[in-house]
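The structure appears right after this line, and notes come after that.
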Amino acid sequence: MISIRNASKRFPDPEGGVVHALRSVSLDVGAREFITLLGPSGCGKTTLLRSISGFEDLDEGTIAIDGREMTHIPPNKRPVNTVFQNYALFPHLTVGDNIGYGLDVTGCARDERNRRVGEAMELVGLAGFDRRKPHQLSGGQQQRVALARAIVNRPSVLLLDEPLSALDRKLRESMQLELKNLQHELGIAFVFVTHDQQEALTMSDRIVVMDHGSVQQAGPPTEVYDRPASVFVARFVGEGNLFEGELEARGDTLALRTAGGTGIVLSAAGETRRAGPATVLIRPEDLEMADDDSAAGGFASLAVEVTQTIFVGTDFQLVAALADGTPIKATIRDPSRTLARQVQPGAHIRLRYRLDAPRVLAPAASA
């Protein structure tokens, strides 16, 4: 549905230099795909979204939508609609008139306009709200009005620029599921912008991680989380313990020796790097408490000193340190709530992990 090739965009900065908002970005979006552009502020994700919608002109590269090249096509002629972060509702119009505004502009027949507005309101769960004004609605209801207004024109692609950022946590989580269900019902492509990693993991068919105007990794959420392509992706998507050092091969296993002398043993299966400087990732949920230092049964363990225990609802998070002072975090499932009583700051314990849990990332020197 969308084909982006070598998209580049530059902006002048106040000091007279140039900011590269997009650096030769190439990306395809499927016709029924929910794709999320994820990254920190200033990484280029909103610029890319605005380029798709036509609100920004590329310096180089092309964007095609549904096989049609968009370079000289103005925003109002593109088969896309955008849901903005601030909703941008007309305060003096009713909900029904806000939703039907785009149809009014195009001269849609009254009966057809009312029918399509009614269908859109039903789809987003606002049936019966057509006479209300925006100030009479909750934040979540205003978000639904913005969505209904965006889909009433039946676009081929819906662009969403951090539309949930103003909502409280519970409503945000509810709207995440509603958006995903809405996309499934409409059967169109959604391109969603966020800096919230959990939001991206929850909703996406594919995540595109961006930084400094470039795509760092693109793939299904499980692939991006389980096999991050770089140190940046590992740090940005999920929590992770990162260990830098020298990697060496030991038969069926690899060992990373840190500058402090700690050895991180891991399976060599599926890893292409065998020697040299590297960074190894272990996710906190891949660590569990162990009774001894045995590596039997495909496990290895690390001796740590606990510095803090944090209750996070269903789990506890242990904050600890290795013998060389390197910090490490472990997320421990503890339904019986005994961990907080048994493991106090200052306790010396062992944390074990499966040998296939760690991941070798880019060399430490290039992180």
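Just so it is clear, the model here is predicted, and its values are computed rather than measured.
When all heavy atoms are compared, the tightest approach of Lys45 to Gly39 is NZ-O, 2.9 Å. Scanning all heavy atoms of the two residues, the minimum distance from Gln217 to Arg227 falls at NE2-O, 3.1 Å. Taking both residues in full, the closest heavy atoms of Glu244 and Leu256 are given as C-CD2, 4.1 Å, listed atom of the first, atom of the second, then distance. Considering all non-hydrogen atoms of both residues, Val117 and Gly96 come closest at CG1-O, 3.9 Å. Minimum interatomic distance between Met210 and Pro40 (heavy atoms only, all atoms of both residues): O-CD, 3.6 Å. Residues Ser53 and Arg50 approach most closely at OG-O, 2.9 Å, considering heavy atoms.
Side-chain atoms of Pro358 and Tyr353, non-hydrogen and from C-beta on, do get closer than 4.5 Å to each other. Within the 4.5 Å cutoff, no side-chain heavy atoms of Thr36 are placed close to those of Glu199. Under the 4.5 Å side-chain criterion, counting only non-hydrogen atoms from C-beta, Val145 is not in contact with Pro134. Side-chain atoms of Leu361 and Leu242, non-hydrogen and from C-beta on, do get closer than 4.5 Å to each other. Contact of the Arg144 side chain with the Leu137 side chain is not registered, since no non-hydrogen atoms from C-beta on lie closer than 4.5 Å.
To the nearest 0.5 angstrom, Thr258 atom OG1 is 11.0 Å from Glu246 atom CD. Annotation: the span from Thr279 atom OG1 to Leu247 atom CG amounts to 10.0 Å, rounded to 0.5 Å. Separating the CG atom in Leu182 from the CE atom in Met175 is a distance of 8.5 Å, to the nearest 0.5 Å. Rounding to the nearest 0.5 Å gives a distance of 9.5 Å between CD1 of Ile52 and CZ of Arg78. Of the inter-residue distances, the one linking Asn181 atom CG with Gln176 atom CD reads 12.0 Å to the nearest 0.5 angstrom.
Listed for the Asn81 side chain is no donor-acceptor partner under 3.5 Å among the backbone atoms of Ile151. Within the 3.5 Å criterion, the main-chain N or O of Thr47 finds a donor-acceptor partner in the side chain of Ser51. Side chain of Glu178 to main chain of Val124: no donor-acceptor pair is present (N/O by atom type, distance under 3.5 Å, no hydrogens or angles). Although no hydrogens or angles enter the test, the distance criterion places no donor-acceptor pair under 3.5 Å between the side chain of Arg206 and the main chain of Ile35. In this structure, the side chain of Glu33 does not engage the main chain of Val191 through any donor-acceptor pair within 3.5 Å. Judged by distance alone, with hydrogens and angles left aside, the side-chain atoms of Arg250 form no donor-acceptor pair with the main-chain N or O of Leu254 at under 3.5 Å. A donor-acceptor contact shorter than 3.5 Å is absent between the side chain of Arg359 and the backbone of Val280. In terms of modelled atom types and a separation under 3.5 Å, the side chain of Asp334 and the main chain of Phe316 share no donor-acceptor contact.
Here Ala330 pairs with Leu287, Leu318, Ile332, Leu351 under the side-chain contact (heavy atoms from CB on, under 4.5 Å) rule; sequence neighbours left out. A search for side-chain contact (heavy atoms from CB on, under 4.5 Å) contacts involving Ser24 returns Asn6, Ser8, not counting sequence neighbours. Arg23 pairs by the side-chain contact (heavy atoms from CB on, under 4.5 Å) definition with His20, Ser214, not counting sequence neighbours. Not a single salt bridge (Lys or Arg N to Asp or Glu O under 4.0 Å) links Glu185 to another residue, sequence neighbours left out. Remark: Asp226 pairs with no residue by the salt bridge (Lys or Arg N to Asp or Glu O under 4.0 Å) rule, at least two apart or across chains. Checked against side-chain contact (heavy atoms from CB on, under 4.5 Å), Asp315 has the following partners two or more places apart in sequence or in another chain: Val312, Thr331, Arg333. Applying the ring pair (Phe, Tyr, Trp, His ring centres under 6.0 Å) criterion to Phe190, with sequence neighbours excluded, gives Phe34.
The salt bridge (charged side-chain N to carboxylate O under 4.0 Å, His left out) contacts involving residues 122-135 comprise nothing, where partners must be two or more places apart or lie in separate chains. Legend: ring-ring contact (aromatic ring centres under 6.0 Å, His included) pairs involving residues 99-143, not counting sequence neighbours, sorted by first then second residue: Phe90-Tyr101.
Hydrophobic clustering of Ile, Leu, Val, Met, Phe, Trp and Tyr side chains at less than 4.5 Å, counting indirect connections, unites Val152 with Leu186. Hydrophobic clustering, with ILVMFWY side chains joined whenever heavy atoms are under 4.5 angstrom apart, keeps Met203 apart from Val29. Connection of Ile2 to Val215 is established within a shared hydrophobic cluster, with ILVMFWY side chains joined at heavy-atom distances below 4.5 Å, either directly or through further cluster members. Val83 and Leu123 fall within the same hydrophobic cluster, defined by Ile, Leu, Val, Met, Phe, Trp and Tyr side-chain heavy atoms under 4.5 Å apart, directly or through other members. Both Val304 and Ile282 belong to a single network of hydrophobic side chains, linked directly or stepwise wherever heavy atoms of I, L, V, M, F, W or Y lie under 4.5 Å apart.
No side-chain donor-acceptor contact under 3.5 Å links Asp196 and Thr194.
Just one of Arg283, Gln317, Gln197 meets the side-chain hydrogen bond (donor to acceptor under 3.5 Å, both in side chains) condition when paired with Glu239; it is Gln317.
Grouped with Phe84 in one hydrophobic cluster are Phe55, the linkage being side-chain heavy-atom contacts under 4.5 Å among Ile, Leu, Val, Met, Phe, Trp and Tyr residues. Side-chain heavy-atom separations under 4.5 angstrom define the hydrophobic clusters, and the remaining members of the one that includes Val237 are Leu38, Leu201, Ile207, Val209, Val224, Tyr225, Phe232, Val233, Phe236.
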For this session: Verify salt bridge (Lys or Arg N to Asp or Glu O under 4.0 Å) between Lys170 and Asp168, making sure each step is shown before the conclusion.
Result: CA-CA 6 Å; Lys170 295 293 288 185; Asp168 63 67; over 6 Å; no
Exercise. Could you walk me through whether Glu60 and Arg10 pass the salt bridge (Lys or Arg N to Asp or Glu O under 4.0 Å) check?
Worked result: CA-CA 10 Å; Glu60 289 100 31; Arg10 296 176 292 275; 2.9 Å; yes
Problem set entry | Intermediate values then yes/no, salt bridge (Lys or Arg N to Asp or Glu O under 4.0 Å), Glu119 and Arg116 | CA-CA 5 Å; Glu119 288 178 351; Arg116 287 167 63 174; over 6 Å; no
Anything under 3.5 Å between a donor and an acceptor, one on a side chain of residues 157-164, the other on a protein residue two or more places apart or in another chain? List them.
{"unit_1": "Asp161", "atom_1": "OD1", "unit_2": "Thr46", "atom_2": "OG1", "d": "3.3"}
{"unit_1": "Glu162", "atom_1": "OE1", "unit_2": "His195", "atom_2": "ND1", "d": "2.8"}

